[in-house]
Protein chains: 2
Amino acid sequence: MRLTTKGRFAVTAMIDVAMHGEHGPVTLSAVSERQKISLSYLEQLFGKLRRHGLVDSVRGPGGGYNLARGAETVSVADVILAVDEPIDATQCGGLENCLDDHRCMTHELWSGLNAHIFTYLRSVTLAELVRQQESRARGETVVMRDHRPPSPRSTEPVTA
Amino acid sequence: MRLTTKGRFAVTAMIDVAMHGEHGPVTLSAVSERQKISLSYLEQLFGKLRRHGLVDSVRGPGGGYNLARGAETVSVADVILAVDEPIDATQCGGLENCLDDHRCMTHELWSGLNAHIFTYLRSVTLAELVRQQESRARGETVVMRDHRPPSPRSTEPVTA
DNA sequence: ATATAGTTGACTAAATCATTCGGGAATAGT
DNA sequence: ACTATTCCCGAATGATTTAGTCAACTATAT
């Protein structure tokens, strides 16, 4: 489970499609203009999204892309996994052949954190992000649900 | 808020320090051997971790690194932000100068998802990951707390 | 027919990742 | 003082990823 600008571009684009898809397919040129993402890059991303069954394509004039499933059933994790195929970074190739003294702690740590983040991103749906976005467009203050208060103290800057 | 192997190396290494730091400073060579991360790479990462006040260093024989704060007060977000300084990927440079028609939706979407993920990673502490790791070492089954059930359905593979 | 729009593949500059190397500076033990 | 240990720093490097361009193609609505 990686999380880079690439995956975010894909999520952004998917939200755009979800928000503008009510009156027929959404063209990539429209997404490109609204989200300021290069058309060819979008083509690459939507190629993967389509092959993973997240969007349906309609060719020809009036064509474009539609969500293949309801926005409620598409998670951020789905989108990211589609465009950003995960890598195995555990040296031991996922196998348990690395049990020198305490059974490859690296492997355990990785999969542990992976599972945490994956579980979380899997729980965030496109529909949720769309709702949040529509609220903001109406000038409302978006209240983020806290998932596990209280947060630990920190002296770090809060810019993410 | 990026999330790459680099940040994960840093988190892994920090957990290692947290788990082995009870009897004095932990050397990077030890971390390197246990976690199979190159020593020089660790030096780069710990340089940043130190400059961000997450670890203290002790030079000379018997030296090494200690956590600068308690593991309960260090979040995954802290560690990742330290080694992986965040980029601004909103075209408009964070300013609101991009209000052509609907005030730079890209900007809103980005910061929205950023905030979601950041809020989550900020709520996961090193101490928590250490506890999970120690449980696994004892052969226990780690039960992951669900943060927002129910998860959306998905036809995607679940390998992360 | 023609214009629209998806589909595919090759290619590229720039950035990032992960590592290696070489040399320093501080300190504990002798 | 000497030496081994360990942190500290910067430069260089190959591999990969990012983000984008270009070109040719197929399907389809008018």
Side-chain angles (χ1 to χ4, degrees), chain A residues 1-13 17 20-21 24-33 35-52 54-66 68 80 83-91 106 110, chain B residues 1-13 17 20-21 24-33 35-52 54-66 68 80 83-91 106 110:
Chain A
M1 202 70 207
R2 240 177 324 175
L3 183 54
T4 66
T5 50
K6 188 179 184 180
R8 258 176 260 237
F9 274 134
V11 173
T12 300
V17 170
H20 295 88
V26 182
T27 69
L28 291 192
S29 355
V31 177
S32 173
E33 283 186 14
Q35 305 302 333
K36 306 289 186 248
I37 304 171
S38 103
L39 178 58
S40 295
Y41 198 30
L42 282 175
E43 284 173 349
Q44 288 178 39
L45 298 179
F46 274 78
K48 293 186 177 184
L49 292 171
R50 186 178 58 85
R51 272 173 242 121
H52 279 81
L54 294 179
V55 292
D56 289 329
S57 63
V58 181
R59 286 181 160 196
Y65 287 94
N66 288 113
I80 290 176
V83 300
D84 215 35
E85 357 245 308
I87 47 169
D88 173 46
T90 46
Q91 326 283 351
T106 305
W110 274 83
Chain B
M1 202 73 206
R2 238 176 325 176
L3 183 53
T4 66
T5 50
K6 187 179 184 179
R8 259 175 258 238
F9 274 135
V11 173
T12 300
V17 170
H20 295 89
V26 181
T27 69
L28 290 191
S29 357
V31 177
S32 173
E33 282 186 15
Q35 305 302 332
K36 307 288 186 248
I37 305 170
S38 100
L39 178 57
S40 296
Y41 198 30
L42 282 175
E43 285 174 349
Q44 289 178 39
L45 297 179
F46 274 77
K48 294 186 177 184
L49 292 172
R50 184 177 57 85
R51 273 173 241 121
H52 280 79
L54 293 180
V55 293
D56 289 329
S57 63
V58 181
R59 285 181 161 196
Y65 287 93
N66 288 114
I80 290 175
V83 300
D84 216 33
E85 359 244 310
I87 45 168
D88 173 46
T90 47
Q91 326 283 351
T106 306
W110 274 83

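Chain letters run A, B, ... following the sequence lines, proteins first, then strands; residues in each count from 1. Bear in mind the structure is a predicted one, so any value in this text is a computation, not a measurement.
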> Please name the pair of heavy atoms, one in B/Ile80 and one in B/Arg2, separated by the smallest distance, quoted to 0.1 Å.
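Smallest interatomic distance, heavy atoms only, reads CG2-O, 3.4 Å.
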
> Whole angstrom is fine here: how far is it from OH in B/Tyr41 over to P in D/dT13?
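It works out to 19 Å between those atoms.
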
> Can you tell me how the ring of B/Tyr65 sits relative to the ring of B/Phe46, calling it parallel under 30°, perpendicular over 60° and tilted otherwise?
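Aromatic pair B/Tyr65/B/Phe46 classed tilted.
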
> The criterion is side-chain contact (heavy atoms from CB on, under 4.5 Å); which residues satisfy it with A/Ala68, sequence neighbours excluded?
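Partners of A/Ala68 by the side-chain contact (heavy atoms from CB on, under 4.5 Å) criterion, ordered by chain and then number, come out as A/Asp56.
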
> Whole-Å distance between D/dA19 C1' and A/Arg8 CZ?
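About 16 Å, once rounded to whole Å.
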
> Round to a whole Å and report the spacing from CG of A/Leu42 to C1' of D/dA19.
11 Å

> Decide yes or no on side chain to side chain contact (heavy atoms under 4.5 Å, CB included) for A/Asn66 and A/Val17, but give the supporting numbers first.
CA-CA 7 Å; A/Asn66 288 113; A/Val17 170; 5.8 Å; no

> Polar atom pairs between nucleotides 6-13 of chain C and protein, under 3.5 Å, N or O only, would you list them?
residue: C/dG6; atom: OP1; partner: A/Leu28; partner atom: N; Å: 3.4
residue: C/dG6; atom: O3'; partner: A/Ser57; partner atom: OG; Å: 3.4
residue: C/dT7; atom: OP1; partner: A/Arg50; partner atom: NE; Å: 3.1
residue: C/dT7; atom: OP1; partner: A/Ser57; partner atom: OG; Å: 2.5
residue: C/dT7; atom: OP2; partner: A/Arg50; partner atom: NE; Å: 3.3
residue: C/dT7; atom: OP2; partner: A/Tyr65; partner atom: OH; Å: 2.4
residue: C/dT7; atom: O4'; partner: A/Arg59; partner atom: NH2; Å: 3.0
residue: C/dT8; atom: OP2; partner: A/Arg50; partner atom: NH2; Å: 2.5

> Take the protein atom CG of B/Leu45 and the nucleotide atom C1' of D/dC9, then report the distance between them rounded to whole Å.
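Going from B/Leu45 (CG) to D/dC9 (C1'), I get 14 Å.
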
> Can you tell me how far P of D/dT6 sits from CG of B/Asp56, to the nearest Å?
18 Å

> B/Asn66 CG to D/dC7 P: how many Å, rounded?
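From B/Asn66 CG to D/dC7 P: 11 Å.
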
> Quick one: side-chain contact (heavy atoms from CB on, under 4.5 Å) partners of A/Glu43, sequence neighbours excluded?
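Listed in chain order: A/Leu28, A/Leu39, A/Ser40.
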
> Quick one: is C/dC17 close enough that its OP1 or OP2 comes under 4.0 Å of any side-chain N or O from B/Thr4?
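Answer yes for this pair, as a side-chain N or O of B/Thr4 is under 4.0 Å from OP1 or OP2.
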
> Return yes if some donor-acceptor pair links the side-chain N/O of A/Ser32 with the main-chain N/O of A/Ser38 below 3.5 Å, else return no.
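No; judged by distance alone, with no hydrogens or angles, the pair does not exist.
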
> Can you measure A/Glu33 atom CD to C/dA5 atom P for me and round it to whole angstrom units?
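Rounded to the whole Å, the gap is 11 Å.
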
> Within this structure, what is the NZ-to-P distance between B/Lys6 and D/dT16, rounded to whole angstrom?
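After rounding, the gap between these two atoms is 18 Å.
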
